[in-house]
Amino acid sequence: MIVKNEENIRKGTDDLFSAMIAADRREASAVIDRMMAAGIPSPSIINDILDPTLVRLGELWEKDAVSLTQTFVASKIAEDVLLRCVSAPGHKAPRGAPVVIGNIEDDFHSLGRRIVGSFLRASGWEVHDLGNDVTAEQFVDKAIEVGASVVGASAMMQTTALNIRKLRDLIDARKMNHQLKLAVGGAVFNWRPELVAEVGGDGTARNATGVDALFQRLHNAAKEG
């Protein structure tokens, strides 16, 4: 039974990746139907099928080997999968709180941010996505406007990741460091974990499947003051 599940998971990962590359949401849905029919539990669909598929897609994105259309549809497919899986029996209740995400100033690598937004929405967060090239002031002003306790700043390369320090400095200058927490993410933080502290991040997640737990932890810390 374990061997059969492993085979199904490998095939499901390949099939879902092909559907994302083809920007085919219908086929992606059919892949998940087949996985559920094969008895693959929803946590395994997320962790063992969806997450590796997104990692593969992200590697192509870094090489400029996928289009904006493909990445946009991939983010919608991820959201489709998550909405189905988190609504399955045994999954946790929605979070519901507002959060703000965006790519930091001068960064335009949107795939990771889109996927993170999809994971957060599927987990019940009220996501305010500011898009690419977001200044520190825009992050903080939006957080104040919507009452967010967490902002998530994304960057792919070290050169743009260093701009997150401006956001940290602004949060501190406005004396909001206890009530507004800073999540950071992007490929560079996996390559250089010490960069999280360097830019003043309050936490990061290695991949999109960990963002819900990260945002929940930071949200709770902000509410505790």
Side-chain angles (χ1 to χ4, degrees), residues 42-48 50-55 57-58 75 78-79 81-83 85-86 91-104 107 109-131 134 136 139-140 142-143 146-156 158 160-165 167-168 170-172 176-225:
S42 54
S44 185
I45 290 175
I46 293 173
N47 295 321
D48 301 326
L50 178 59
D51 187 51
T53 300
L54 294 176
V55 169
L57 195 70
S75 69
E79 191 167 351
V81 174
L82 287 163
L83 285 170
C85 289
V86 299
H91 269 270
K92 53 198 170 190
R95 304 302 186 193
V99 294
V100 176
I101 64 172
N103 282 64
I104 196 63
D107 196 283
H109 296 89
S110 59
L111 175 62
R113 188 200 77 247
R114 289 183 182 276
I115 298 300
V116 164
S118 296
F119 270 65
L120 291 172
R121 289 188 192 94
S123 298
W125 297 91
E126 178 188 308
V127 179
H128 298 267
D129 187 344
L130 301 183
V134 183
F139 272 112
V140 174
K142 189 64 176 182
V146 301
S149 57
V150 183
V151 294
S154 177
M156 177 169 283
Q158 181 175 345
T160 53
L162 293 175
N163 287 333
I164 297 175
R165 187 70 222 183
L167 178 52
R168 172 80 272 162
L170 183 61
I171 292 172
D172 292 346
M176 298 178 65
N177 53 305
H178 294 300
Q179 67 200 66
L180 183 62
K181 299 302 179 180
L182 174 57
V184 299
V188 66
F189 293 102
N190 289 341
W191 305 330
R192 286 197 55 206
E194 70 276 10
L195 195 59
V196 177
E198 188 175 333
V199 302
D202 292 310
T204 190
R206 282 196 59 83
N207 50 46
T209 58
V211 298
D212 177 45
L214 170 65
F215 274 57
Q216 183 64 31
R217 176 173 64 81
L218 296 181
H219 172 75
N220 289 342
K223 292 306 179 185
E224 292 170 1

message = Looking at every non-hydrogen atom in both residues, tell me the closest pair between Val150 and His219 and how far apart they are.
response = CG2-N, 3.6 Å
key: Side chain Ser154, main chain Gly186, donor-acceptor under 3.5 Å   = no
remark   = When rounded to the nearest 0.5 Å, the distance separating CG of Leu50 from CZ of Phe119 is 4.5 Å
inquiry  = I need the minimum non-hydrogen distance between Leu218 and Ala183, along with the two atoms involved.
reply    = CD1-CB, 3.8 Å
ask   = Quick one: are Leu195 and Leu162 in side-chain contact, heavy atoms under 4.5 Å?
value = yes
request  = Specify the closest pair of heavy atoms between Asn47 and Pro52, including all atoms of both residues, with the distance to one decimal.
outcome  = O-CD, 3.4 Å
inquiry  = Are the side chains of Leu182 and Arg168 in contact, using a 4.5 Å heavy-atom criterion?
reply    = yes
query = Is any side-chain heavy atom of Val134 closer than 4.5 Å to a side-chain heavy atom of Asn103?
reply = no
task = Apply side chain to side chain donor-acceptor pair (under 3.5 Å) to the pair Gln216 and Asn220, showing each step before the final yes or no.
result = CA-CA 6 Å; Gln216 183 64 31; Asn220 289 342; 3.1 Å; yes
task = Under the side-chain contact (heavy atoms from CB on, under 4.5 Å) rule, what do Asp51 and Ile46 come out as? Steps first, then yes or no, please.
result = CA-CA 6 Å; Asp51 187 51; Ile46 293 173; 5.8 Å; no
query = What pairs of residues pass the salt bridge (charged side-chain N to carboxylate O under 4.0 Å, His left out) test when at least one of them lies in residues 110-124, not counting sequence neighbours?
reply = Arg113-Asp129
inquiry  = Distance check, rounded to the nearest 0.5 Å: Glu198 atom CD versus Ile164 atom CD1?
reply    = 11.0 Å
message = Donor-acceptor check, side chain of Asp212 to backbone of Leu120, threshold 3.5 angstrom: yes or no?
response = no
ask   = Any donor-acceptor pair under 3.5 Å linking the side chain of Asp202 with the backbone of Lys181?
value = no
inquiry  = Ignoring hydrogens, what is the shortest heavy-atom contact between Leu167 and Ala153? Give both atom names and the distance.
reply    = CD2-CB, 4.0 Å
ask   = Under 4.5 Å between any side-chain heavy atoms of Asn163 and Asp107, yes or no?
value = no
key: Ser118 side-chain N/O to Ser75 backbone N/O, donor-acceptor pair under 3.5 Å   = yes
Which atom of Phe215 lies closest to which atom of Gly152, heavy atoms considered = CZ-CA, 4.1 Å
query = Does any non-hydrogen side-chain atom of Glu126 lie less than 4.5 Å from one of Val99?
reply = no
message = Quick check: do Val211 and Trp125 have side-chain heavy atoms less than 4.5 Å from each other?
response = no
ask   = Do Phe139 and Ile104 pass the side-chain contact (heavy atoms from CB on, under 4.5 Å) test, and can you show the C-alpha distance, the side-chain angles, and the key distance before you say yes or no?
value = CA-CA 9 Å; Phe139 272 112; Ile104 196 63; 3.7 Å; yes
task = Determine the sole option in Val127, Leu130, Leu180 for which the side chain to side chain contact (heavy atoms under 4.5 Å, CB included) test with Val100 is passed.
result = Leu130
task = Carefully, step by step, assess Arg217 and Leu214 under the rule side-chain contact (heavy atoms from CB on, under 4.5 Å).
result = CA-CA 5 Å; Arg217 176 173 64 81; Leu214 170 65; 3.3 Å; yes
inquiry  = Can you confirm whether Arg192 is buried at CZ, in the sense that more than 12 heavy atoms of other residues, nucleotides or ligands lie under 6.0 Å from that atom?
reply    = yes
request  = Please answer whether the main-chain N or O of Asp172 pairs with a side-chain N or O of Asn177 as donor and acceptor at a distance below 3.5 Å.
outcome  = no
ask   = Looking at Thr160 and Ala155, what are the two nearest heavy atoms and their distance?
value = OG1-CB, 3.8 Å
ask   = To the nearest 0.5 Å, what is the distance between OG (Ser149) and NZ (Lys223)?
value = 5.0 Å
key: Residues that Glu224 engages under salt bridge (charged side-chain N to carboxylate O under 4.0 Å, His left out), provided they are two or more places apart   = none
request  = Just do the side-chain contact (heavy atoms from CB on, under 4.5 Å) check on Val151 and Ile101 with the steps written out, would you?
outcome  = CA-CA 6 Å; Val151 294; Ile101 64 172; over 6 Å; no
